[in-house]
Amino acid sequence: MARNITPKEKDYSQWYLDVIKAAELADYAPVRGCMVIRPDGYAVWESIMSEMDRRFKETGHVNAYFPLLIPNSFLEKEKEHVEGFAPECAVVTHAGGEELEEPLVVRPTSETVIGYMYSKWVQSWRDLPLLINQWCNVMRWEMRPRLFLRTSEFLWQEGHTAHATREEAMEETLKMLEVYRGFMEEILALPVIAGEKSEGERFPGADNTYTCEAMMSDRKALQAGTSHFLGQNFARAFEIRFQNRAGELEHAWTTSWGTSTRMIGAVIMAHSDNDGLILPPRLAPVKAVILPISTDEEKLREVILPKAREIASTLKGVLGPMAVRVDTDFHLRPADRFFRHLQKGVPLRLELGEREMEAGRVRAVRRDTAERSDIAWEAVPTEVPHLLETIQKALFDRALAFREANTRHASSFEEMKTLLENEGGFVTAFFAGDRSDEKAIKEATGATVRCFPLSDERVGTCFFTGKENAKLAIFARAY
RNA sequence: CGGGGCGUAGCGCAGUCUGGUUAGCGCGCAUGGUUCGGGACCAUGAGGUCGGAGGUUCAAAUCCUCUCGCCCCGACCA
């Protein structure tokens with residue numbers, strides 16, 4: 001048991017913070033609610049960026065960069081948008097030693113400034129679709145910041161597209177939701193439920209919002225990414241118009257979709273244990289660490305270390321140059337070196353000691369299960385990647401089994417209250433209520449509608465209003 | 001914004017009520033030694049304008065006034 005980490009059973013919030021600290025992922029910044037992402041945390045973000053960016057480009061998107069500062073008047077052009085975001089905006093009022101004529105908002109999201117630019121770039125149906133993504137930082141002055149999950153400033157990507165037809169924009173919205181789902185499940189080993197948001201949980205200014213909802217290991221829900229169908233709302237606010245083939249002027253149909261550094265928080269809370277961070281192999285910047293071990297320092301440096309480097313070199317050829325590290329912290333005792341990698345979440349530890357030198361093998365220790373196995377030197381380039389994939393799958397399966405074991409169905413409001421109170425987790429129920437019903441349920445249970453899963457088309461009687469033909473919803477307490 | 005709590009070494013705290021020699025303790029850190037395959041131990045040592053400003057006093061971490069910041073609960077919010 002790690003002595004620097006509070007067990008999650010004792011205090012889940014503290015456990016989460018302890019894991020981050022022990023893994024040196026992030027630290028608090030001097031400004032309230034802001035965090036410093038440390039090198040090992042940033043490497044995880046880089047890993048996320050490179051894989052997602054590849055998937056965005058494969059689906060036809062390109063990257064661009066829009067400015068940090070947005071004229072205040074832009075936000076006010078879309079009524080719901082400004083109502084949703086104004087309270088949490090940071091505003092620049094002075095610059096160059098003078099008060100500005102118009103205050104500038106630090107972007108909480110970029111629909112407005114991008115809408116403004118799109119109106120200039122779009123004139124003909126031939127200019128559509130416009131498929132642009134940007135990687136950047138945004139600022140939302142939240143009341144309750146938590147590292148990675150909700151920080152005042154965070155890093156994210158926001159995709160913004162404009163289309164000629166409603167159908168095409170809706171198709172894009174769902175396509176990117178599916179890109180998110182695929183990335184989260186395949187790379188983060190995070191099972192998510194793709195679904196539609198309820199009225200009360202919709203993005204300010206959107207006609208529909210879709211989400212990927214995940215369950216954390218305390219059974220609470222976390223929204224890991226959203227994709228919005230914006231209809232013609234922003235096109236009207238910013239006059240994004242084009243002439244169709246018939247020569248008529250039409251408003252474009254737009255979408256936006258985003259995922260953020262919050263996903264790092266999701267990975268931490270989905271997989272890690274009381275010893276510290278556990279990273280899924282496909283996400284982990286360092287996938288395997290090789291530890292030369294011996295009390296005979298001469299032998300260590302002259303025989304074992306060169307062999308370790310040789311194995312590392314071969315393995316790098318398979319896994320990538322940054323994915324394998326040789327631990328040369330010989331001033332630490334083996335136990336301390338084990339723990340360091342354990343807490344950093346390195347998926348696989350390969351020990352090379354005197355026993356292994358004689359036998360011509362390495363001892364592999366899995367981070368997720370602590371299982372040990374011996375791998376012959378010649379087999380390392382094939383066995384290690386295989387073992388990493390086994391770990392990847394095991395993490396996903398474990399998280400999925402956990403979610404399924406903690407998902408229950410409620411037919412009545414009483415039943416829902418009891419389930420949320422006693423069991424927690426996800427509660428499915430047929431629901432056809434409106435915004436005020438959602439509010440009443442939240443006040444009574446602390447839970448919100450997470451989504452209406454797209455994969456489940458069953459309908460039934462609403463547990464709250466009694467209406468027929470209600471869609472199946474998932475309720476849960478959420479971050 | 002309302003209620004409660006806290007600022008003393010990198011971190012966690014004691015000392016403040018009842019002012020009094022060089023402000024302590026644990027962890028961590030540095031050096032040396034013994035250890036070493038799942039968080040060792042011994043010894044030595046470095047590290048502090050006690051959140052800030054002003055005041056009372058022979059004397060302030062301690063008492064008084066002002067001020068800044070942080071945390072928790074609520075409100076608000078994704």
Side-chain angles (χ1 to χ4, degrees), chain A residues 1-6 11 13-14 17-18 21-22 24 27-34 83-89 108-109 138-146 148-152 154 156 197-198 200-204 206 209 211 213 220-226 228 258-260 262 265-266 273-276 290-297 299-300 304 327 329-344 349-359 361-367 369-372 374 438-439 442-443 446 448-451 476-479:
Chain A
M1 187 73 69
R3 62 188 178 213
N4 57 344
I5 294 177
T6 308
D11 182 344
S13 301
Q14 193 57 50
L17 295 173
D18 289 346
K21 190 177 182 197
E24 299 178 318
D27 208 345
Y28 292 102
V31 175
R32 195 200 79 102
C34 293
E83 281 172 9
F85 282 106
E88 56 193 64
C89 281
T109 178
V138 288
M139 179 157 276
R140 297 179 187 181
W141 214 258
E142 304 285 1
M143 305 299 264
R144 288 275 171 85
R146 291 195 75 189
F148 290 112
L149 298 179
R150 198 181 296 105
T151 45
S152 299
F154 56 93
W156 78 339
K197 280 286 180 190
S198 63
E201 300 285 320
R202 215 172 266 160
F203 177 77
T209 288
T211 177
E213 293 287 324
K220 280 170 82 172
L222 182 79
Q223 174 178 298
T226 46
H228 315 292
T259 57
S260 71
R262 172 182 263 200
D273 63 17
N274 286 340
D275 279 334
I290 303 179
L291 284 98
I293 302 167
S294 176
T295 49
D296 183 336
E297 203 159 320
K299 199 183 228 171
L300 185 62
I304 306 180
D327 179 321
D329 283 331
F330 301 141
H331 63 284
L332 297 175
R333 292 167 317 121
D336 292 319
R337 295 162 71 199
F338 294 159
F339 246 82
R340 177 176 289 194
H341 302 296
L342 205 63
Q343 301 212 307
K344 289 254 173 208
R349 190 171 79 231
L350 302 173
E351 299 172 13
L352 187 64
E354 299 197 26
R355 291 201 294 266
E356 288 76 21
M357 287 303 287
E358 276 171 37
R361 65 191 188 205
V362 295
R363 162 147 288 199
V365 187
R366 285 173 61 164
R367 172 63 184 88
T369 60
E371 269 177 90
R372 287 126 214 268
D374 292 313
E438 286 182 42
K439 206 176 170 196
K442 184 178 182 183
E443 273 167 21
T448 48
V449 183
R450 301 320 301 157
C451 69
R477 291 179 183 155
Y479 279 100

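Note on naming: letters A, B, ... go to the chains in the order of the sequence lines (proteins, then strands), and numbering restarts at 1 for each one.
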Check nucleotides 9-12 of chain B against the protein and report each pair of N or O atoms closer than 3.5 Å, with its distance, or say if there are none.
none

Spell out protein contact along nucleotides 70-77 of chain B as letters: B when the base is contacted, S when just the sugar-phosphate is, - when no protein heavy atom is under 4.0 Å; keep the 5' to 3' order. S--SBBBB

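Comparing the C1' positions of B:C1 and B:C76 gives a spacing of 10 Å, expressed to the nearest Å. Comparing the C1' positions of B:A9 and B:G55 gives an interatomic distance of 29 Å, to the nearest angstrom. Rounded to whole Å, the C1' atom of B:C66 lies 27 Å from the corresponding atom of B:G20.
In this structure, A:Glu356 reaches the bases: a heavy-atom distance under 4.0 Å links it to at least one base atom across the strands shown. Residue contacts for A:Leu291: at a heavy-atom cut-off of 4.0 Å it reaches no nucleic acid atom on any strand shown. Using a 4.0 Å heavy-atom cutoff across all strands shown, A:Arg262 reaches no nucleic acid atom at all. Residue A:Arg355 is in base contact, counting any heavy-atom pair closer than 4.0 Å across all strands shown. Note on A:Arg337: nothing from the nucleic acid sits closer than 4.0 angstrom, heavy atoms only. Base contact: A:Arg372 has a heavy atom under 4.0 Å from a base atom.
You won't find any donor-acceptor pair under 3.5 Å spanning the side chain of A:Arg477 and the base of B:A78, going by distance alone. For A:Asn4 and B:G39, a side-chain-to-base donor-acceptor distance below 3.5 Å is present, hydrogens and geometry of angles not being considered. You'll find a donor-acceptor pair under 3.5 Å spanning the side chain of A:Gln343 and the base of B:G39, going by distance alone.
Going from atom CZ of A:Arg367 over to atom CG of A:Asp273 covers 4.0 Å, rounded to the nearest 0.5 Å. In this structure, the separation between CZ on A:Arg477 and NZ on A:Lys220 is 8.5 Å, given to the nearest 0.5 Å. Taking OG1 from A:Thr448 and CD from A:Glu438, the interatomic distance works out to 8.5 Å, rounded to the nearest 0.5 Å. Within the model, atoms CG of A:Leu352 and CG of A:Leu300 stand 9.5 Å from one another, a figure rounded to the nearest 0.5 Å.
Distance from the side chain of A:Arg3 is smallest for B:G28 among the nucleotides B:A78, B:G38, B:G28. Proximity note for A:Arg450 (side chain, C-beta onward) versus B:G39, B:A78, B:C36: the nearest is B:A78. Distances were taken from every side-chain heavy atom of A:Ala478 (C-beta onward) to each of B:G38, B:A78, B:G39; the shortest belongs to B:A78. Ranking B:G37, B:A78, B:G38 by closeness to the A:Arg140 side chain, first place goes to B:A78.
Within the 4.5 Å cutoff, no side-chain heavy atoms of A:Thr211 are placed close to those of A:Glu201. Contact check for A:Pro108 versus A:Trp141: no side-chain heavy atoms found under the 4.5 Å cut-off. For the pair A:Pro292/A:Arg337, a side-chain contact is recorded, criterion being any heavy-atom separation below 4.5 Å from C-beta on.
Using a cut-off of 4.0 Å between Lys/Arg side-chain N and Asp/Glu carboxylate O, A:Arg340 and A:Asp329 are scored as salt-bridged.
A:Arg150 forms no cation-pi arrangement with A:Tyr479, by the criterion of a distance under 6.0 Å to the ring centre and an angle within 45° of the ring axis.
Counting only Watson-Crick and G-U wobble pairs whose two distances sit under 3.5 Å, RNA chain B takes part in these stems of three or more pairs: B:1-7 with B:68-74, B:10-13 with B:24-27, B:29-34 with B:40-45, B:51-55 with B:63-67.
Judged by ring centres under 5.5 Å apart and planes tilted less than 30 degrees, A:Phe338 fails to stack against the six-membered base ring of B:G38.
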